[in-house]
Each structure stands twice: as C-alpha cells, then as structure tokens.
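Below is one structure, written out as structure tokens; the observations come after it.
First the proteins, then the strands, lettered A, B, ... as listed; each starts at 1.
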2 protein chains.
Amino acid sequence: MGVIGHIPEREAPRPRSASIWDVARVAGVSQQTVSRVINGKDRVSESTRAKVLQVIDELDFRPNRLAQALAGGPIRSVTVLTSDTALYGAAATLRGMEQAARAAGFSVGISVLERSLDAAEAAVRLNRSGQAVMVIAFDEAGVRTLGALPPEIPMTATIERPPDDHADAAWQVWLDDRAAAAHATRYLLSLGHSTVHYVAIPSSTSPTAQRTLGWRETLTDAGRPVPEPLQGGWSPRSGYLAARSLLADPTVTAILCGNDDLALGVMRAAREAGRRIPGDLSVVGFDDSPQSAYLNPSLTTVRLDFEGLGRACFGLLRRRLDPDGPAAVPVWSEPELIVRESSGPRPPAR
Amino acid sequence: MGVIGHIPEREAPRPRSASIWDVARVAGVSQQTVSRVINGKDRVSESTRAKVLQVIDELDFRPNRLAQALAGGPIRSVTVLTSDTALYGAAATLRGMEQAARAAGFSVGISVLERSLDAAEAAVRLNRSGQAVMVIAFDEAGVRTLGALPPEIPMTATIERPPDDHADAAWQVWLDDRAAAAHATRYLLSLGHSTVHYVAIPSSTSPTAQRTLGWRETLTDAGRPVPEPLQGGWSPRSGYLAARSLLADPTVTAILCGNDDLALGVMRAAREAGRRIPGDLSVVGFDDSPQSAYLNPSLTTVRLDFEGLGRACFGLLRRRLDPDGPAAVPVWSEPELIVRESSGPRPPAR
DNA sequence: GTCATGGGCGTTATCGGTCACATTCCCGAA
DNA sequence: TTCGGGAATGTGACCGATAACGCCCATGAC
C-alpha cells in the first residue's frame with residue numbers, strides 16, 4: 001500500500017496489424033466508411049474513397065477474413081472435399097480449383113474423405129464457419145458425401161456422371177466420359193479388334209458408370225459381343241490383378257482401362273503373360289497422366305481436362321454465391337484421344 | 001398511413017446452429033462456464049461439467065472455429081504451402097500432414113506457391129487469421145517462402161537438406177536424402193559399374209543438395225571419377241531431355257535419378273538410344289512412387305516415407321503451438337533401397 | 001471469531017469486422 | 001422559403017467465441 005500506480009509486468013501486446021479502426025482513425029472517417037470502400041458495395045464520394053485507399057496502403061491494412069466471415073460478410077473461402085489427392089484426376093482437378101479460387105481471392109481448404117469417415121460428418125466439419133464447399137465426386141465416397149451434404153450449404157461438385165435430376169445439374173460439372181469412352185472403343189474397333197475388354201475404375205454410380213456405358217454402347221451399336229467388364233480399383237496393382245485373369249483368355253486383343261494407372265498394371269500383367277504390346281494386345285488408358293507418354297510402350301489414352309473442370313467448378317460456385325456477379329463462362333476442353341504406342345492393329349488370327 | 005404494424009417481407013433468418021449462449025441458457029449457467037468446459041483449462045465442478053456436456057450433446061453444439069480464432073483462442077488450423085501437388089513427394093507429404101492434422105481436429109488449408117507469386121506475399125495471405133503454417137520446401141519456391149515467412153508466424157517445414165543454422169532445425173524435419181543417395185550409389189558401384197551418373201532434381205540448395213552430395217561423396221570415397229551431374233526438372237520429360245545428351249557417351253552404364261519421374265524419362269531416352277535396361281544400362285530412381293513397381297522394366301528406387309514425414313511435420317507444429325501438450329514423438333521410417341528390374345551388373349566391356 | 005486462501009462461476013471488454021438504421025448535407029421543386 | 005429526397009456518412013447492435021477480473025462461499029490456521 002502506498003505504492004501508487006504500480007505497473008504490473010505485462011507482456012508487450014503482440015504487434016497487431018492494422019484493423020479497420022486504425023484505418024478509419026487515420027483517414028478521419030468512420031470504420032463503416034472504410035468497410036464501404038473495401039467492399040465497394042455502397043457509394044462513397046470519390047475524394048473519401050481515395051483518402052481511405054491511400055491510408056489502407058500506408059498501413060498495409062488487409063481485412064481479417066475471420067472477422068469478415070464471422071460478421072456475416074460474403075463467403076470467401078472454400079473447402080474441397082476429395083478422397084485421394086494422390087490420384088492424377090483428383091490432383092489435377094484440385095489444382096484447377098485452387099488456381100481459380102486463389103485468383104478470385106478465395107482461400108481454399110482441403111479435407112480428405114476417408115473410408116472410415118461418415119460422409120455426413122465431413123459436412124459437419126465445415127462447421128458453418130462461412131465456408132463454401134466443392135466436392136470432387138469421382139468415386140463412391142465423393143458421391144456419398146454429395147448426398148449427405150445439407151442443402152443449405154453452398155456447394156458445387158465435379159462428378160463422373162450427369163445427374164438424372166435436372167435441378168441438381170445446375171451446380172455440377174462433368175466431363176463427357178461417355179463420349180470419350182465411346183471414342184476410344186470405336187478407335188480400337190477400327191483397328192480391327194473383334195471386341196474390346198474393359199477394366200473399370202470403381203464406379204461411383206455403377207452400373208451406369210459413364211465410361212462403362214460409352215464402351216458398352218459402342219460395342220452394342222457395332223454388333224460386337226460385350227464381355228463382362230472387370231472391376232478394378234484405382235491403382236496399378238489392381239489393374240495388374242484384374243488383367244491376370246483376363247489374359248488367360250487368348251482371344252483378348254484389346255483392353256480399355258478406366259485410368260492410366262490401371263493400364264500400367266494391365267501392361268505389366270500382359271508382359272508377364274508373354275503378350276507383346278501392341279503386337280498381341282492393344283491397351284488404351286484414360287486421363288493422360290504426365291507419365292503416360294514415357295511408359296514402355298507409351299500409352300494410348302484419352303486426355304481429360306481436369307484442371308479446366310476444376311476451374312469450371314469454382315466458376316459455378318462463384319455464380320452460386322453471387323448470382324449477380326460477373327458471369328465468367330466456364331470453359332474446358334473436350335476429351336481427346338491421344339494415340340501412342342500401346343495400341344495397334346489386331347494380331348492375325350493364328 | 002393508417003396501416004399499422006406492417007410487417008416487412010423479411011427472409012426467415014437462416015437457421016443458425018447452437019451457440020455457446022444457447023448451451024449456457026439451457027444448462028442454466030453462464031457462457032463463460034460453457035467455454036471452460038469446452039476448453040478444459042479452468043476448473044469446473046464435476047456436476048456442472050456433466051450438465052453442460054449433456055446439453056452440448058443434445059443441442060449438437062460445436063464451437064465456431066472462426067469465433068474462437070478471432071477471440072484469440074488456441075490455433076486450430078494450418079495452411080500448407082506447397083508448390084506442386086501433382087508431384088508424388090509433395091502429394092504424399094501433404095497426405096501425411098492432412099491425416100495427422102485432421103486427427104488432431106485441425107482444419108487444413110492449402111495454398112500453392114506459383115512461380116509468379118512472391119513468396120512473401122504467400123505469407124501475408126495467411127492474413128494473421130490465427131493460422132499456423134507448414135511449408136513443403138523441397139524445391140526453390142518452398143525454400144524462398146521459408147525465408148520470407150515472418151518469424152512471428154508459427155510454422156514448421158519439411159525440407160530437403162538439414163539447415164546449417166542449428167536454431168532453425170528445431171522446427172524442420174527432413175529425410176536422410178544424403179544417406180539414401182549414398183546407399184543407392186554404393187549399390188550401383190557394387191554391381192561393378194565404374195561410376196554412376198546423376199540426373200538431379202531442381203535443387204533447393206544447390207550445389208550442396210543432399211542427394212547430389214551423397215552421390216558425390218560415395219564416388220569420391222570409392223575413388224571413382226565424378227561426372228558432372230545433369231540438371232533435370234521434376235518431370236519425365238526433363239529426364240528424357242537430360243538423358244539424351246548423357247547417352248551420347250557409350251561409357252555411361254549407370255544412372256541415378258533424383259526422382260522416379262526423371263528415371264522414367266531417362267529409361268525412355270535409353271530405349272530410343274538402343275540401350276537395353278538393365279543389360280546395357282542401370283537406372284535407379286528416387287521416391288518409390290506407386291507406379292515404379294509396374295514400369296517396364298520395374299524401377300529400382302529408394303523408398304522415402306513422405307507420409308511419415310508429413311505427420312512428423314505436423315507433430316512438430318503441435319509442439320510448437322503448445323509446448324506443454326502431449327509430446328508425441330514423431331516417427332518416420334528410414335529410406336530404403338528397393339531393388340527391382342532396372343538395375344543390374346555392369347555390361348562386359350566390348 | 002477473523003482472515004487468508006482458493007475453487008467455482010458470472011460480468012464485461014474485446015477480437016475485427018458487417019448490417020440495419022439513423023443522421024447530415026445539399027439540391028431542386030412546390 | 002420550405003420541404004422532399006437521395007447521396008454520403010456515422011452510430012450502435014451483433015456475429016460467437018475467449019480473457020481478465022471480480023465476486024461469493026467454504027475451508028482451515030491462528
């Protein structure tokens with residue numbers, strides 16, 4: 001006692017960066033006006049705006065995303081729900097999404113869907129924290145997530161197969177897998193193969209998976225026998241395993257694969273079975289991964305514009321979040337067959 | 001006029017999920033007490049805690065991350081800074097990070113470092129929004145980012161090369177690339193090759209890149225000539241280009257590559273040059289990507305535990321954020337040479 | 001019996017914004 | 001001259017949490 005004005009040892013407050021209030025004070029306006037300038041929604045006089053912008057620059061101010069979101073501002077962050085970032089298709093799609101989102105000033109989160117994880121839980125994790133969502137729903141986990149997502153949460157998705165329900169379609173994008181598979185199948189038939197076998201990726205919407213469908217239709221239309229498609233996984237290993245049983249049949253001369261990794265496994269199995277590619281067997285992949293051109297033999301495959309798809313998905317999301325915003329028309333290129341070494345004419349019957 | 005009580009057409013307030021206040025009201029306590037229960041820091045009587053927990057469960061309440069962060073709560077989100085999610089090493093590391101982070105209840109963001117993007121800017125994007133950071137600094141962009149990151153922002157990193165400065169090392173993890181490269185080189189020498197050529201990945205810290213170093217040391221120690229390492233990129237294509245010049249020299253019988261994609265390109269170039277693998281030329285890769293076992297020939301490579309590294313990096317981050325927290329000792333496995341078909345004895349001199 | 005101690009819990013400020021609703025100013029029309 | 005009305009700007013509540021602080025009460029030592 002008697003000691004007046006004792007100053008407690010208090011840590012120096014960590015240096016906080018400028019807030020909207022600092023800007024307002026320095027510029028001699030209210031924080032609301034600063035907010036107006038930032039968001040550009042309301043009208044502010046030209047002179048005030050200039051002044052505020054100048055101070056913002058001087059103070060190196062940038063609005064705190066958290067506070068904005070908390071206060072109910074416009075959504076500026078997306079979480080991508082995907083199941084496996086190691087797969088080429090998903091990785092490339094993610095890259096396209098991230099690229100577009102960042103360009104638009106969005107921050108992007110990522111959350112991996114695991115088998116063990118209830119899809120609904122994934123949605124809940126988003127935690128109403130003012131986040132939008134993009135789902136990469138090429139596989140079953142993705143599709144299930146799509147179904148479990150509460151309708152009020154703003155979302156778009158990349159999917160494998162066009163939805164039956166037209167209403168949903170508005171917020172989903174897809175590549176024309178069906179036409180692509182049909183194209184690849186026709187190509188193989190044109191080489192003289194009597195039919196084409198198919199090693200499928202796990203289908204998100206079997207048995208009507210688009211790639212399977214395109215393949216089947218083409219064979220049917222051409223009056224060829226339609227062999228039972230083999231169910232593969234995503235990895236080279238599963239392609240390898242699937243092909244081993246398939247190759248027991250010597251009449252198999254052409255195999256279409258659901259992705260390039262499967263094709264890689266198939267080609268290895270073929271080698272081990274003593275089949276030469278493309279001499280005895282033609283193999284066609286799907287996706288045109290970066291490696292496919294350098295494989296031995298290099299892989300004939302269907303190039304898909306996953307990055308473009310990802311960008312488009314984000315474009316759609318923006319429109320959903322802000323219908324009046326700039327209507328950037330999402331553009332992505334059509335699937336394209338890239339012919340390389342792994343496919344060739346049907347071997348002469350012996 | 002005369003119209004009293006006109007009720008404006010107002011949208012139904014969007015259904016908000018329970019807040020800490022709702023819980024408090026129902027449980028008959030103050031929100032601060034609820035906060036205490038959530039965070040478990042302060043003491044609350046057992047009966048009160050039970051009551052609150054019950055209400056939390058009933059109302060399906062979960063704390064709003066945004067609000068927590070804004071209010072200065074503990075950090076519960078990380079942003080991963082990486083340069084290319086399509087590369088196997090980075091993708092696998094990211095997966096490990098995401099996995100560990102999610103298990104710990106953290107949300108994970110991702111931000112891709114692009115060439116055009118100033119690394120410092122990347123840091124600023126984090127925007128003091130209560131985010132921690134993990135940097136995947138295998139390449140130059142990553143290392144530059146590391147340097148540009150303000151010291152006050154909590155961060156850990158996976159790096160290629162142990163830092164000179166011991167102080168920094170505390171928050172960084174790395175694989176023993178040097179020993180791994182040495183091992184692979186020794187292996188090739190043991191097969192009888194007179195020396196080993198090296199196609200390098202872009203080095204984040206050349207000329208002392210660890211893989212290069214391990215390779216060079218081994219050759220020097222063995223008294224073998226040390227050829228000039230070839231600078232490659234990350235892609236199969238760059239391996240292909242690098243190898244084309246290298247293969248002009250017929251004395252080259254063993255090539256070590258900085259990653260599996262480079263090796264893929266090298267193998268193709270070798271084929272085109274009429275060199276048989278492993279008959280005329282041995283090729284060893286790095287990383288053990290999922291494809292490497294299925295290539296033709298399958299690739300001898302060094303398996304690196306990127307996922308474990310990613311998990312360890314997150315473990316380190318947690319300790320940095322909360323030194324008193326559970327000290328999970330990060331564990332990841334040592335590099336391991338996987339011998340496959342692409343390497344063999346030195347061809348007899350002709 | 002008094003007082004120091006510490007556990008349990010409520011009150012209030014604060015984080016950095018946004019939104020709905022005033023308020024002020026200025027101009028033209030009645 | 002007065003009043004309506006739109007443009008420009010300010011005010012206060014609020015978003016959903018955490019942190020500092022203070023109050024109340026039970027306990028035990030002197």
Exercise for the section: Could you list by number each residue of residues 33-45 of chain A showing a heavy-atom separation from DNA chain D of less than 4.0 Å, or answer none if no residue does? Expected result: A:Thr33, A:Arg36, A:Arg43, A:Val44, A:Ser45

Fill in the blank from the handout: note: B:Gln68, atom CD; C:dC15, atom C1'; distance rounded to Å ~ 13 Å

Problem - Minimum heavy-atom distance between B:Asp84 and B:Ala90, given as atom pair plus value - result: O-CB, 3.3 Å

Handout entry: Under-3.5 Å donor-acceptor pair between B:Gln32 side chain and D:dA19 base
Key = yes

Practice task
Let me know the distance between CG of B:Asn64 and C1' of D:dG16, rounded to the nearest Å.
Solution key: 6 Å

Exercise for the section: Using atom CG of A:Leu66 as one end and atom C1' of C:dT18 as the other, report the distance to the nearest whole Å. Expected result: 14 Å

Fill in the blank from the handout: All heavy atoms of B:Phe138 vs all of B:Ile159, minimum pair found to be CE2-O, 3.9 Å

Practice task
Report yes if some heavy atom in the side chain of A:Thr33 is under 4.5 Å from a heavy atom in the side chain of A:Thr48; otherwise report no.
Solution key: yes

Handout entry: Inter-residue atom distance A:Leu66.CG - A:Ser77.OG, 0.5 Å rounding
Key = 9.0 Å

Handout entry: Whole-Å distance separating the CD atom of B:Gln31 from the P atom of C:dA13
Key = 13 Å

Exercise for the section: Compare side-chain N and O positions of A:Thr48 against OP1 and OP2 of D:dT9 and report whether any pair is under 4.0 Å apart. Expected result: yes

Exercise for the section: Take the protein atom CD1 of A:Ile56 and the nucleotide atom C1' of C:dG16, then report the distance between them rounded to whole Å. Expected result: 14 Å

Practice task
May I ask you to test the B:Gln68-B:Asn64 pair for a side-chain heavy-atom distance under 4.5 Å?
Solution key: no

Exercise for the section: Nearest 0.5 Å please: distance from the CD atom of B:Glu307 over to the OG1 atom of B:Thr93. Expected result: 8.5 Å

Problem - Shortest non-hydrogen contact between B:Val112 and B:Ser83, atoms and distance - result: CG1-O, 3.4 Å

Problem - 5' priority, DNA chain C, between B:Leu70 and B:Arg49 [closest heavy atom] - result: B:Arg49

Completion exercise
Taken to the nearest 0.5 Å, the spacing of A:Arg102 CZ from B:Ser111 OG works out to 5.5 Å

Handout entry: Atom-to-atom span, CZ of A:Arg65 to P of D:dG16 - whole angstrom
Key = 20 Å

Problem - Within residues 20-30 of chain A: residues closer than 4.0 Å to DNA chain D (heavy atoms) - result: A:Val29, A:Ser30

Problem - A:Thr158 and A:Trp174: CA distance, side-chain angles, deciding distance, side-chain contact (heavy atoms from CB on, under 4.5 Å) verdict - result: CA-CA 6 Å; A:Thr158 65; A:Trp174 60 88; over 6 Å; no

